[in-house]
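Here the structure is laid out as structure tokens; the discussion comes afterwards.
Just so it is clear: chains get the letters A, B, ... in the order the sequence lines come, proteins before strands, and each one is counted from 1. We use all heavy atoms of the structure for the numbers below, so side chains are in, but hydrogens, waters and symmetry mates are not.
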There are 2 protein chains.
Amino acid sequence: MSAIVRNPAYASSFDKGHLALPPAKKYLVLTCMDARIDPAAAFGIGLGDAHVIGNAGASAQDALRSIVISEQLLGTTRSYSSSIQEALLTSRSDAFQELKSRALDFFPFPHLKTAVEDDVKSLKSSPLIPDAVPTSGWVYKVETGKVERVV
Amino acid sequence: MSAIVRNPAYASSFDKGHLALPPAKKYLVLTCMDARIDPAAAFGIGLGDAHVIGNAGASAQDALRSIVISEQLLGTTRSYSSSIQEALLTSRSDAFQELKSRALDFFPFPHLKTAVEDDVKSLKSSPLIPDAVPTSGWVYKVETGKVERVV
């Protein structure tokens with residue numbers, strides 16, 4: 001992937017490794033995955049200020065899992081895990097039926113590298129993705145600004 | 001939303017309104033929605049080069065709809081619509097059972113502003129999102145770099 005060769009330059013001058021997980025400005029942006037949109041630049045989002053969700057067409061229905069997790073992260077729950085579901089059920093009793101009817105899966109991942117490996121494997125074996133599509137998995141470290149290839 | 005006040009400055013010097021929808025470098029990046037990640041900067045993605053999908057934890061399972069649409073967009077289908085599903089079924093017969101079993105909804109939107117209004121409405125009325133969360137809907141024009149509030 002040609003773009004990734006530019007990561008060392010970014011990491012070498014990276015000085016934002018101290019930022020906290022909760023977005024400093026307490027908002028999230030849902031935008032389209034469209035290559036012609038650079039949300040940070042176009043909407044003036046500083047690093048660490050807001051969660052940015054991107055999908056085809058900026059669909060809120062498709063992004064519901066991430067929106068719910070993001071909202072929980074702005075509150076007291078600070079990790080992506082199945083506890084988000086529990087916290088939601090405890091804090092909002094009317095959410096129970098909605099979660100149940102939507103069968104919303106939060107896809108928690110206790111082990112990061114394993115999750116990346118599993119995801120790449122699932123894409124490579126999916127009949128929905130042509131075999132000719134090259135797929136790789138990487139981990140980005142928010143403390144250093146560096147990416148490392150996993151698979 | 002404080003960030004959006006910086007959009008006019010971005011739009012005033014915007015000169016990339018001619019970019020085509022298909023990503024110039026023909027790849028997509030799936031990353032976490034984490035506020036501490038700026039994909040364009042960290043991974044060296046130029047405007048128009050690649051689709052960028054972001055969700056909680058960079059989950060490929062959760063992003064499957066967007067990945068499939070993106071892959072189709074790199075090919076012959078050039079619009080987000082139900083025709084993507086048809087194209088997929090025509091080009092890859094083994095995808096049929098997979099699509100069926102996953103009940104993958106592509107959420108096509110024939111009318112942009114109506115889609116934004118409907119999405120905001122669905123979030124405001126969802127038991128999964130606390131009523132106190134302010135929600136607004138905007139349209140970003142790739143030709144001008146400008147955002148306009150819809151709702």
Side-chain angles (χ1 to χ4, degrees), chain A residues 1-4 6-7 10 16 19 23 25 27 33-38 40-45 47-57 59-71 80 88 92 94-95 98-99 107 109 119 122-123 126-130 133 140 142 145 147, chain B residues 1-4 6-7 10 16 19 23 25 27 33-38 40-45 47-57 59-71 80 88 92 94-95 98-99 107 109 119 122-123 126-130 133 140 142 145 147:
Chain A
M1 200 162 107
S2 63
I4 225 74
R6 290 195 282 275
N7 174 254
Y10 178 79
K16 305 276 186 184
L19 296 173
K25 298 284 176 69
Y27 68 94
M33 67 180 181
D34 194 311
R36 297 167 293 180
I37 306 173
D38 178 345
F43 311 142
I45 307 168
L47 198 69
D49 280 355
H51 285 323
V52 180
I53 303 169
N55 67 30
S59 162
Q61 295 306 308
D62 187 45
L64 195 58
R65 164 185 169 272
S66 294
I67 294 171
V68 169
I69 292 177
S70 183
E71 199 286 319
Y80 300 146
L88 195 67
R92 296 180 56 81
D94 56 343
E98 183 73 6
L99 266 187
F107 302 117
F109 53 97
D119 262 1
S122 78
L123 291 175
S126 173
L128 298 172
I129 314 292
V133 175
Y140 173 78
V142 292
V147 285
Chain B
M1 200 162 111
S2 63
I4 225 74
R6 290 195 282 277
N7 173 255
Y10 178 79
K16 305 276 185 183
L19 297 173
K25 299 285 176 68
Y27 68 93
M33 67 180 180
D34 194 311
R36 297 167 294 180
I37 305 174
D38 179 346
F43 312 142
I45 307 168
L47 198 69
D49 280 355
H51 285 323
V52 179
I53 304 169
N55 67 30
S59 163
Q61 295 306 307
D62 187 46
L64 195 58
R65 164 185 169 274
S66 294
I67 295 171
V68 169
I69 291 176
S70 183
E71 199 286 319
Y80 301 144
L88 195 66
R92 296 179 56 80
D94 56 344
E98 183 73 7
L99 266 187
F107 303 117
F109 52 96
D119 262 1
S122 78
L123 291 175
S126 173
L128 297 173
I129 314 293
V133 175
Y140 173 78
V142 294
V147 285

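Residues A:M33 and B:I69 have side chains in contact (heavy-atom distance under 4.5 Å, counting atoms from C-beta outward).
Only the side chain of B:L123 comes within contact range of chain A, with heavy atoms under 4.5 Å apart. Looking at B:A63, there are no atoms closer than 4.5 Å to chain A (heavy atoms on both sides), in backbone or side chain. Interface residue B:R65: only side-chain heavy atoms are found under 4.5 Å from chain A.
Annotation: B:Y10 is not in aromatic contact with A:F43 [ring centroid separation under 6.0 Å not met].
Contact record, B:F107 with A:S59: CD1-OG, 3.6 Å, taken as the closest heavy-atom pair. For the residue pair B:H51 and A:A35, the shortest heavy atom distance occurs at ND1-N, 3.2 Å. Counting all heavy atoms, side chain and backbone alike, A:Q61 lies closest to B:S122 at NE2-OG, 2.8 Å. Considering all non-hydrogen atoms of both residues, B:I67 and A:I129 come closest at CG2-CD1, 3.5 Å.
Of the possible polar contacts, one joining the B:N7 side chain to the A:A42 backbone as a donor-acceptor pair under 3.5 Å is found. In this structure, the side chain of A:D119 engages the main chain of B:A60 through a donor-acceptor pair within 3.5 Å. Within the 3.5 Å criterion, the main-chain N or O of B:A56 finds a donor-acceptor partner in the side chain of A:S66.
Between atom CG of residue B:D38 and atom CG of residue A:D38 there is a gap of 6.5 Å, rounded to the nearest 0.5 Å. Of the inter-residue distances, the one linking A:S70 atom OG with B:N55 atom CG reads 11.5 Å to the nearest 0.5 angstrom.
The candidate from A:D49, A:D62, A:V52 with the greatest count of non-hydrogen atom pairs under 4.5 Å with chain B is A:D62.
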